Asks: 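I have a structure I would like to understand better, so I am pasting it below and will then ask my questions one at a time.
Being a predicted model, the structure only gives us computed values, none of them experimental. Below, each value reflects all heavy atoms present in this structure, side chains not excepted, and no hydrogens, waters or symmetry copies.
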Amino acid sequence: MKKATFSEYQEAKAEVMKGGECREYTDTDEYGRVHKTICCEDGNNFYELTANGVTEFWSTKHSESRKYEEPQEVAQAEAEDGYIERRKQVIKRLYSLVYWFADEMLSEEEAEAREQAEFEREKAEKPGELIMRVSAHDNNARVMKHCMKAARDAANYLRNKENDVENWQIAGINAMLDQCDKEGIVAYDMPYAINGLLLQWDEVTKK
């Protein structure tokens, strides 16, 4: 199989893509190899197979396959870009979680204020009568506040570029969030589990 430069690869692809509107189809096989096909309006196709930084390519115009090997620094940069994007997406998801807990906390505080006002009104209207009120709103609001702070701590930890976070940790956070989305729930202890996954032992033990 002949070797090719990146420029030759680009030229071969551009030659096929001159054939009108094109659609790209990408798939990954069980061995982690990426298969890509570009189908163009004039009937010509461009094919490529990428594995371990090496791309083999051919087309209906040139059936003989060639390969080019991505420079190590380019491959590393692309891998880092993907990691950075995944980290950013997790931060966004955690801030959504912070907002959810904040909204719940405010709702509980507002409910407590309404019930307290009603209680005071009823006491004033019925002097001498024993009137009791039992409420869990204050405690619920306190729980929501702690959950919100734990989720915010995790987001801020990820925002700090000096903190070393591995891909498996990001994948673990996404897995927890995805499962909660699937079940349609918000687990109140999930922020603490995320703190633990990020090895934020100080934050976890303080709570």
Asks: Using the side-chain hydrogen bond (donor to acceptor under 3.5 Å, both in side chains) rule, pick out the option among E108, E109, R114, E112 that qualifies with H137.
Replies: E108
Asks: Are K123 and E120 within salt-bridge range, i.e. N to O under 4.0 Å?
Replies: yes
Asks: Is the SG of C39 found under 2.5 Å away from the SG of C22?
Replies: no
Asks: Checking E21 now: which residues fulfil salt bridge (charged side-chain N to carboxylate O under 4.0 Å, His left out) with it, not counting sequence neighbours?
Replies: none
Asks: Compare all side-chain heavy atoms of E48 with those of V34 and state whether any distance is below 4.5 angstrom.
Replies: no
Asks: When you group the ILVMFWY residues by side-chain heavy-atom contacts below 4.5 Å and let the links chain together, are L106 and V143 in the same group?
Replies: yes
Asks: Verify side chain to side chain contact (heavy atoms under 4.5 Å, CB included) between K92 and Y95, making sure each step is shown before the conclusion.
Replies: CA-CA 5 Å; K92 288 181 181 179; Y95 275 127; 5.9 Å; no
Asks: How about S65 and E56: does a side-chain donor come under 3.5 Å of a side-chain acceptor?
Replies: yes
Asks: Looking at side-chain heavy atoms only, is the closest gap between K18 and N44 below 4.5 Å?
Replies: no
Asks: Would you kindly confirm whether V186 and Y99 end up in one hydrophobic cluster when ILVMFWY residues are joined by side chain heavy atoms under 4.5 Å apart?
Replies: no
Asks: Are more than 12 heavy atoms from other residues, nucleotides or ligands located less than 6.0 Å from atom CZ of R121?
Replies: yes
Asks: If you measure from CZ on F57 to OH on Y9, what distance do you get to the nearest 0.5 Å?
Replies: 8.0 Å
Asks: Decide whether L49 and F6 are clustered together by the hydrophobic rule: side chain heavy atoms of Ile, Leu, Val, Met, Phe, Trp, Tyr closer than 4.5 Å, transitively.
Replies: no
Asks: Please say yes or no: joined through hydrophobic side-chain contacts below 4.5 Å, possibly via intermediate residues, are M176 and I185 part of one cluster?
Replies: no
Asks: For the pair R133 and E122, find out whether any cationic side-chain nitrogen is under 4.0 Å from an anionic carboxylate oxygen.
Replies: no
Asks: Closest heavy-atom contact between A150 and N195?
Replies: O-ND2, 3.2 Å
Asks: Tell me, please, which residues at least two apart from D181 pass salt bridge (charged side-chain N to carboxylate O under 4.0 Å, His left out).
Replies: R93
Asks: Can N45 and Y47 be said to form a side chain to side chain donor-acceptor pair (under 3.5 Å), step by step?
Replies: CA-CA 7 Å; N45 299 331; Y47 307 94; 3.0 Å; yes
Asks: Which residue pairs pass the salt bridge (Lys or Arg N to Asp or Glu O under 4.0 Å) test with at least one member in residues 159-174, sequence neighbours excluded?
Replies: none
Asks: H146 and Y192: side chain to side chain contact (heavy atoms under 4.5 Å, CB included), yes or no, with the steps?
Replies: CA-CA 10 Å; H146 290 323; Y192 306 114; 3.2 Å; yes
Asks: What distance separates Y25 OH from I38 CD1, expressed to the nearest 0.5 Å?
Replies: 11.5 Å
Asks: What's the separation between atom OH in Y157 and atom CD1 in I91, rounded to the nearest 0.5 Å?
Replies: 12.5 Å
Asks: Let me see the working for R66 and E64 under side chain to side chain contact (heavy atoms under 4.5 Å, CB included), right down to the final yes or no.
Replies: CA-CA 7 Å; R66 291 176 284 172; E64 183 182 2; 5.5 Å; no
Asks: Does CG in N52 sit with more than 12 non-hydrogen atoms of other residues, nucleotides or ligands closer than 6.0 Å?
Replies: no
Asks: What's the shortest heavy-atom distance between A141 and M105, and which atoms?
Replies: O-CG, 3.5 Å
Asks: Is any side-chain heavy atom of L158 closer than 4.5 Å to one of I173?
Replies: yes
Asks: Are the side chains of F101 and P191 in touch, meaning some heavy atoms are under 4.5 Å apart?
Replies: yes
Asks: Should N156 and N160 count as side-chain neighbours, where that means a heavy-atom distance under 4.5 Å?
Replies: no
Asks: Check this for me: K145, atom NZ, are more than 12 non-hydrogen atoms of other residues, nucleotides or ligands nearer than 6.0 Å?
Replies: no
Asks: Please check if the side chain of E24 supplies one atom and the backbone of K36 the other of a donor-acceptor pair under 3.5 Å.
Replies: no
Asks: Applying the 4.5 Å side-chain criterion to the ILVMFWY set and letting contacts propagate, would Y83 and L197 be lumped into a single cluster?
Replies: yes
Asks: Could you go through R86 and Q89, starting from their C-alpha distance and side-chain angles, then the distance that decides it, and tell me whether this counts as side chain to side chain contact (heavy atoms under 4.5 Å, CB included)?
Replies: CA-CA 5 Å; R86 287 192 297 276; Q89 289 301 320; 5.7 Å; no
Asks: Rounded to the nearest 0.5 Å, what's the gap from CE on M17 to CZ on F46? Could you check?
Replies: 9.5 Å
Asks: Under a 3.5 Å distance rule, please check whether Q200 uses its side chain to pair with a backbone N or O of D153 as donor and acceptor.
Replies: yes
Asks: To the nearest 0.5 Å, what is the distance between OG1 on T55 and NZ on K67?
Replies: 11.0 Å
Asks: Do you know the tightest heavy-atom contact between R33 and H35?
Replies: O-CD2, 3.5 Å
Asks: To the nearest 0.5 angstrom, please state how far the CD atom of E85 sits from the CZ atom of R87.
Replies: 13.0 Å
